[in-house]
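Order of the sequence lines fixes the chain letters, A, B, ..., with proteins taken first and strands second; residue numbering starts at 1 for each chain. The shown structure was predicted, so the numbers you read here are calculated from the model rather than taken from an experiment.
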2 protein chains.
Amino acid sequence: MQALAPLELRLTGNRRSVLAVLEQSSRPLTVEEVVSGSGVPTSTAYRNLAELVEAGVVVRVSGVGGGDRHELAEQFSQHHHHHLVCTDCGMVTDFDPSPQLEKLIDREVDALLATSGFEITHHVFDVRGRCRDCVAG
Amino acid sequence: MQALAPLELRLTGNRRSVLAVLEQSSRPLTVEEVVSGSGVPTSTAYRNLAELVEAGVVVRVSGVGGGDRHELAEQFSQHHHHHLVCTDCGMVTDFDPSPQLEKLIDREVDALLATSGFEITHHVFDVRGRCRDCVAG
DNA sequence: CCTGAAATGAGAAGCATTATCACTAGGGCG
DNA sequence: CGCCCTAGTGATAATGCTTCTCATTTCAGG
């Protein structure tokens, strides 16, 4: 995590910690997870995450229950990916989509751009079900 | 809206009203919209919606902010569809996906089934951006 | 009609998130 | 070097959506 400079946000110790936790995770994290993983106080974590979302560095992933999850925006992360969401416990896992599917999705999005009047920024492809643990337990 | 019988839920006046509002809408509704559209008291609307979600008649759509939205499950509605979500005002609109895309999505989901350990129930394909109104200002 | 289980609805309670505000930190400048 | 001004901080209060509580009502079946 380097930039943040072009934005009008100082790279403080707190923000560095929050970003580090997100960077090291392979899945979106709840605020609670960010707090316990970074040591940043809850109120500051909420504020920092909101600022980072506003700045486009972090994205919010709405799961099932128990609060939204956060991860680095794709341009700051490794790669484009989608989510496997457990409808039981809310756990979210990342997965890579096939290039084929992505191509078709892009085409679909282009078509929508033309017909909907929406200014489209991105798409979300989530697959839902029950995770291994919940199926077992 | 006929069934509900096979489930252990009585088709009461309130539930009928809630379902009617959802049935007549072409997009997912917030609880507030369901309340004002049906005349059902807030607490009952929340309870009924939760029961209907539990029963699989209604699905929750997590938008952007300002509360979850609800719509009839696809088997009780007309057709399979996806959502256009405005990241500004939270408005959600339905749209039909191309059969081509659906086919590829199904294939992708099958692959995930085999590799993830997830018991997959359905997928969500949302397109996000700013709606016509919010773009206009 | 009875009767018990399901449903109701107003208000209380719960909880994640946001706002408040006095205080601290830190970069720039006289 | 120290002053200033702004951004950041963090404990706490406030907000707001959602769920819970519980006394009352409805309703299907006997």
Side-chain angles (χ1 to χ4, degrees), chain A residues 1 3-22 28-55 57-71 87-92, chain B residues 1 3-22 28-55 57-71 87-92:
Chain A
M1 197 26 56
L4 201 49
L7 314 163
E8 56 220 37
L9 287 179
R10 283 194 207 153
L11 185 50
T12 64
N14 280 333
R15 294 210 255 256
R16 201 187 301 272
S17 302
V18 167
L19 289 170
V21 173
L22 294 178
L29 301 177
T30 61
V31 174
E32 192 186 347
E33 288 171 323
V34 170
V35 167
S36 71
S38 67
V40 171
T42 307
S43 62
T44 298
Y46 271 107
R47 181 161 15 77
N48 283 358
L49 284 169
E51 290 157 348
L52 292 166
V53 167
E54 177 69 21
V57 182
V58 169
V59 297
R60 257 194 259 270
V61 177
S62 41
V64 171
D68 287 345
R69 286 148 197 272
H70 304 74
E71 68 183 348
T87 51
D88 234 38
C89 68
M91 175 61 60
V92 181
Chain B
M1 197 30 47
L4 201 51
L7 314 164
E8 56 220 38
L9 287 179
R10 284 191 206 155
L11 185 50
T12 63
N14 280 334
R15 294 212 254 257
R16 201 187 303 272
S17 302
V18 167
L19 289 169
V21 172
L22 295 178
L29 302 177
T30 61
V31 174
E32 193 186 347
E33 289 171 324
V34 170
V35 167
S36 72
S38 67
V40 171
T42 305
S43 62
T44 298
Y46 271 106
R47 182 161 13 78
N48 283 359
L49 284 169
E51 289 157 350
L52 292 166
V53 167
E54 177 70 21
V57 182
V58 169
V59 296
R60 258 194 258 270
V61 177
S62 41
V64 171
D68 286 344
R69 286 149 196 273
H70 305 73
E71 68 183 349
T87 51
D88 233 38
C89 68
M91 175 61 62
V92 181

For the side chain of Arg10(A), counting heavy atoms from C-beta on, which of dT19(D), dT6(D), dT26(D) is nearest? dT6(D)

Nucleotide dT26(D), atom P - distance to CZ of Arg16(B) in whole Å: 16 Å

From the options dG10(D), dT17(C), dC17(D), select the nucleotide whose nearest atom is closest to the side chain of Val31(A). dT17(C)

From Asn14(B) CG over to Ser38(B) OG, what is the distance, rounded to the nearest 0.5 angstrom? 7.5 Å

Tell me: CG of Asp68(B) to P of dT17(C), nearest whole Å? 12 Å

May I have the distance from Leu11(B) (atom CG) to dT8(C) (atom P), rounded to whole angstrom? 10 Å

Choosing from dA19(C), dT8(C), dT17(C), which nucleotide comes nearest the side chain of Ser43(A)? dA19(C)

Starting at the 5' end of DNA chain D and moving along, which residue's nearest nucleotide shows up first, Gly13(B) or Tyr46(B)? Tyr46(B)

Looking only at non-hydrogen atoms, find the nearest pair between Leu49(A) and Leu22(A) and report the distance. CD2-CD1, 4.2 Å

Whole-Å distance between dT19(D) C1' and Glu51(B) CD? 12 Å

Could you tell me how far apart Leu49(B) (CG) and dG9(C) (P) are, to the nearest whole angstrom? 14 Å

Quick one: OG1 on Thr30(B) to CE on Met91(B), what's the gap to the nearest 0.5 Å? 9.0 Å

With no angle test and no hydrogens, is the base of dG9(C) tied to the side chain of Arg47(B) by a donor-acceptor pair under 3.5 Å? yes

Specify the separation, in whole Å, of atom CG of Leu52(B) and atom P of dT8(C). 10 Å

Atom pair distance, as rounded to whole Å: CD in Glu54(B) and C1' in dT18(D): 16 Å

For the CG atom of Leu29(B) and the CZ atom of Arg69(B), what is their distance to the nearest 0.5 Å? 8.0 Å

Below the 4.0 Å mark, does dT8(C) have OP1 or OP2 next to a side-chain nitrogen or oxygen of Thr12(B)? yes

Is there a side-chain contact between Thr44(A) and the phosphate of dG10(D), meaning an N or O under 4.0 Å from OP1 or OP2? yes

From the options dT17(C), dA10(C), dT19(D), select the nucleotide whose nearest atom is closest to the side chain of Pro41(B). dA10(C)

To the nearest 0.5 Å, how far apart are CZ in Arg10(B) and CD in Glu51(B)? 11.5 Å

From CG of Asn48(A) across to P of dA7(D) the rounded distance in Å is 15 Å

So, OP1 or OP2 of dG9(C): does either fall under 4.0 Å of a side-chain N or O from Asn14(B)? yes

